[in-house]
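Input: a single structure, listed below in structure tokens.
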Amino acid sequence: MPDMNSLAHPQQHQFNPYTENGGTILAIAGEDFTVIAGDTRQSEGYSIQTRYAPKVFRLTDKAVLAVNGFAADGNMFVKKVRQRLEWYRHAHAKDMPLRAIARLIQTMLYARRFFPFYVYNILGGIEEDGSGAVYSFDPVGSYEREACRAAGAAQSLVQPFLDNQIYFKNQTPAQDTSHPVHLPLHSVLALVIDSFTGATERHIEVGDGLEMYVVLARGNPALQSLQDLPGAEEVTGTQAEERVFVIRRDLKKD
Amino acid sequence: METSFAITGKGYVLVAADTTAARSIVKMKTDEDKIKILSPHLLMAYSGEPGDTIQFSEYVERNIRLYQIRNTLTLGPSAAASWIRRSLADSIRSRRPYAVNLLVGGYDTSSHTPELYWIDYLGTLTKIPFGAHGYGSYFALSLLDRYHDPEASLEEGIATLKRCLDEVAKRLVVSPGKYLVKVVDKDGVREIEI
Amino acid sequence: MSIMELNGGSVIAMVGKDCVAIASDLRLGNQALGLSSNFQRIFPVTDRIYVGLPGLGTDVHTLWEKFRFRVNMYTIKEEREIEPETFAHLVSSTLYEHRFGPYFIEPVIAGLAKTPSGGVKPFIAATDLIGCLNFAKDFVVAGTASSKLFGMAEGLWEPDLEPEDLFETISQALMNAVDRDAYSGWGCVVHVITKDKIVTRTLKGRMD
């Protein structure tokens with residue numbers, strides 16, 4: 001017997017075009033390199049959709065983009081950014097500089113101000129002056145250049161840890177010493193791994209796998225050590241002076 | 001809108017409360033005393049729901065007097081504040097809670113220190129060097145962060161208090177017109193003109 | 001407007017080698033407005049047990065008065081001091097008494113338990129606002145900065161820290177966590193409990 005009361009009233013249906021797919025991304029800039037990392041779990045509610053869905057993408061040989069939030073929007077956004085970068089290459093016969101990509105992303109995000117891409121972006125890479133750089137964005141395009149940034153499900157777990165370990169917040173240097181402005185690559189990679197193992201331990205939406213992209217400026221002395229690192233794969237494009245590597249690690253799957 | 005302030009200084013607590021009794025948009029009275037003298041060295045500025053404020057402050061006044069008669073001993077500021085807090089904490093989980101916010105200022109005659117307690121209708125209690133209730137707090141607290149001096153003389157304290165009242169008069173849309181100011185120190189409680 | 005976030009505040013406790021530490025911030029606010037930078041929410045239960053009570057300001061006092069009364073009654077009746085684990089169950093059952101109209105507090109307990117051989121064993125525990133106990137082996141957190149505290153503690157904590165190292169670890173975990181939380185901060189207090197003494201330090205923090 002159908003419920004007559006409910007039939008008596010008009011039924012309203014609302015389509016929600018967004019969902020949240022969990023995961024966390026993180027980027028840290030060094031003096032002449034940048035590390036951009038993300039976990040590979042993709043979830044919806046309490047269900048894991050896949051244990052391997054990349055959130056970090058190589059755009060050019062000096063720019064890597066990490067996207068987090070609504071995965072469908074994230075993938076579409078990366079596709080559109082790549083298309084714009086290809087047009088730029090055809091027009092100017094060179095790759096777009098990092099700071100220009102950052103501004104491009106702002107315009108593309110703000111163009112959708114009233115139906116936004118539900119995505120937090122972190123752009124990492126090498127500037128024209130050879131320095132490592134991280135740009136972080138909100139979903140409608142506000143952005144700033146920083147030395148490090150975490151975003152996504154475990155942002156609240158990771159960001160204070162980075163404040164402490166990268167910016168040395170609440171730490172006083174010993175007499176006649178000062179904190180380093182930039183950390184070496186091996187320390188940065190260790191911090192990224194610690195951040196993600198910590199986040200995996202305490203956040204259900206983080207885990208499965210970790211992808212760390214490393215962008216090296218030209219003539220970076222860490223090149224050899226990275227080429228020798230087991231499991232590090234070079235993903236540099238054709239005629240590059242900057243070199244891009246990806247390092248994959250397992251995270252807990254529970 | 002109802003506003004009350006209190007600041008501590010060298011050996012005294014200054015308490016100020018506006019004197020308007022309003023109902024909706026109408027001022028019913030402009031010379032209401034909203035600072036109760038609880039004992040020779042204890043003051044309490046109250047604000048909140050009109051009926052509740054009178055009922056509760058008189059309840060507190062009489063219970064503190066009762067304790068004094070029974071024990072021939074006056075409650076110190078911290079003990080009185082704790083008792084008042086407990087009354088409000090019990091009240092908030094009762095069928096009809098009192099909606100009363102308080103600033104309890106007193107002079108501890110055993111340790112010779114001025115003490116000030118901030119209490120809200122939930123029973124939240126904290127000891128503070130200066131404080132405020134009502135919309136005035138949004139103006140006065142930042143001002144007092146800059147100008148409050150725990151070692152200030154009474155004259156300097158009054159000057160700082162005046163800054164608060166002037167700031168509220170200048171910036172608050174519905175600012176109260178008149179204030180009543182009382183001070184408690186080693187000599188007891190008295191009203192002062194500002 | 002969440003009642004648990006009305007007044008702000010956070011507490012963390014950690015286990016070390018034959019020692020425990022418990023720490024909290026000192027802010028009391030009314031939503032975004034800061035009212036006090038000296039609001040103690042950690043209390044001594046016995047010589048070697050401390051309890052931290054983050055949550056609604058009024059219930060911090062009410063619950064602490066209740067715990068103090070019940071611990072005193074226990075001490076008189078049993079003619080001995082309460083053990084940390086017993087106290088944790090006292091906290092749990094006190095909160096569960098109010099299952100359908102709770103106190104808005106998530107207590108954190110830190111203490112040293114006596115062992116039969118005459119030594120001490122570190123003990124920490126935390127409960128939710130209706131008294132569900134969590135006996136962790138490493139660290140427990142609660143309050144408005146809990147997610148940040150989890151991230152910090154997960155990154156900094158390691159087993160068998162000596163008292164001085166435990167102090168540094170818990171302080172850094174707390175300070176950096178509350179600096180990312182709008183409702184916590186305004187200074188911190190840290191207690192390190194060892195077999196023969198308790199060291200209490202008050203830390204200056206950012207005032208924004």
Side-chain angles (χ1 to χ4, degrees), chain B residues 3-8 47-48 78-95 97-104 113 115-146 148 150 172, chain C residues 1-9 24-43 53-69 94-95 97-105 129 144 183-187 189 202 205-208:
Chain B
T3 290
S4 50
F5 309 106
I7 56 175
T8 57
S47 53
S78 73
S82 290
W83 187 87
I84 296 166
R85 189 210 79 81
R86 193 52 198 238
S87 304
L88 284 169
D90 291 341
S91 150
I92 197 66
R93 290 181 194 275
S94 69
R95 202 175 55 79
Y98 289 111
V100 186
N101 298 315
L102 307 165
L103 288 166
V104 177
T113 47
E115 286 174 19
L116 174 60
Y117 296 90
W118 184 98
I119 305 173
D120 75 0
Y121 71 101
L122 298 167
T124 316
L125 174 138
T126 185
K127 192 180 178 189
I128 44 171
F130 54 82
H133 274 300
Y135 284 111
S137 62
Y138 290 94
F139 305 93
L141 292 184
S142 53
L143 202 139
L144 288 165
D145 279 332
R146 174 67 184 77
H148 178 257
L172 185 61
Chain C
M1 192 203 78
S2 158
I3 297 186
M4 294 301 289
E5 281 146 34
L6 186 76
N7 301 120
S24 120
D25 68 319
L26 290 169
R27 182 180 182 270
L28 177 90
N30 198 203
Q31 304 205 80
L33 178 70
L35 296 169
S36 172
S37 55
N38 188 28
F39 188 76
Q40 300 288 341
R41 59 183 107 250
I42 298 182
F43 304 95
L53 304 171
L56 187 68
T58 180
D59 290 346
V60 172
H61 287 110
T62 309
L63 255 191
W64 167 238
E65 282 166 12
K66 195 161 218 149
F67 290 150
R68 192 165 71 112
F69 170 76
T94 305
L95 288 170
E97 278 178 19
H98 304 272
R99 171 62 180 79
F100 297 109
Y103 288 116
F104 298 97
I105 297 282
L129 75 171
T144 53
Y183 298 120
S184 300
W186 271 21
V189 64
T202 306
R206 289 176 68 103
M207 295 303 282
D208 58 0

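Chain A is the first sequence line, chain B the second, and so forth, proteins listed ahead of strands; every chain is numbered from 1. Hydrogens, waters and symmetry mates play no part in the numbers below; they use all other heavy atoms, side chains included.
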Checklist entry - Do C:His61 and B:Thr124 pass the side chain to side chain contact (heavy atoms under 4.5 Å, CB included) test, and can you show the C-alpha distance, the side-chain angles, and the key distance before you say yes or no? => result CA-CA 8 Å; C:His61 287 110; B:Thr124 316; over 6 Å; no
Next on the checklist: I need the contact set between residues 135-145 of chain B and chain C: heavy-atom distance under 4.5 Å, sorted by residue number.
Outcome noted: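 Expected list: B:Ser137, B:Tyr138, B:Leu141.
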Checklist outcome for this item: Hits for ring pair (Phe, Tyr, Trp, His ring centres under 6.0 Å) against B:Tyr121, two or more places apart or cross-chain, chain-then-number order -> none
Next on the checklist: What I'd like to find out is whether the side chain of B:Arg93 reaches to under 4.5 Å of the side chain of C:His98, using heavy atoms alone.
Outcome noted: no
Using residues 30-38 of chain C as the side-chain source, report each donor-acceptor pair under 3.5 Å to any protein atom, sequence neighbours left out, with the distance given to one decimal.
{"residue": "C:Ser36", "atom": "OG", "partner": "B:Thr126", "partner atom": "OG1", "Å": "3.0"}
{"residue": "C:Ser36", "atom": "OG", "partner": "C:Asn38", "partner atom": "N", "Å": "3.1"}
{"residue": "C:Asn38", "atom": "OD1", "partner": "C:Gln40", "partner atom": "NE2", "Å": "3.4"}

Checklist entry - Under the side chain to side chain donor-acceptor pair (under 3.5 Å) test, which residues partner B:Ser82, sequence neighbours left out? => result none
Item to check | Spatial distance of atom CG (B:Leu122) from atom CG (C:Asp59) [nearest 0.5 Å] | outcome: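 CG of C:Asp59 is found 9.0 Å from CG of B:Leu122.
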Item to check | Options B:Asp120, B:Ile128, B:Leu125, B:Asp90, ranked by heavy-atom pairs under 4.5 Å with chain C, top entry | outcome: B:Leu125
Checklist entry - Is a donor on one side and an acceptor on the other found under 3.5 Å between the side chain of C:Thr58 and the backbone of B:Ala89? => result no
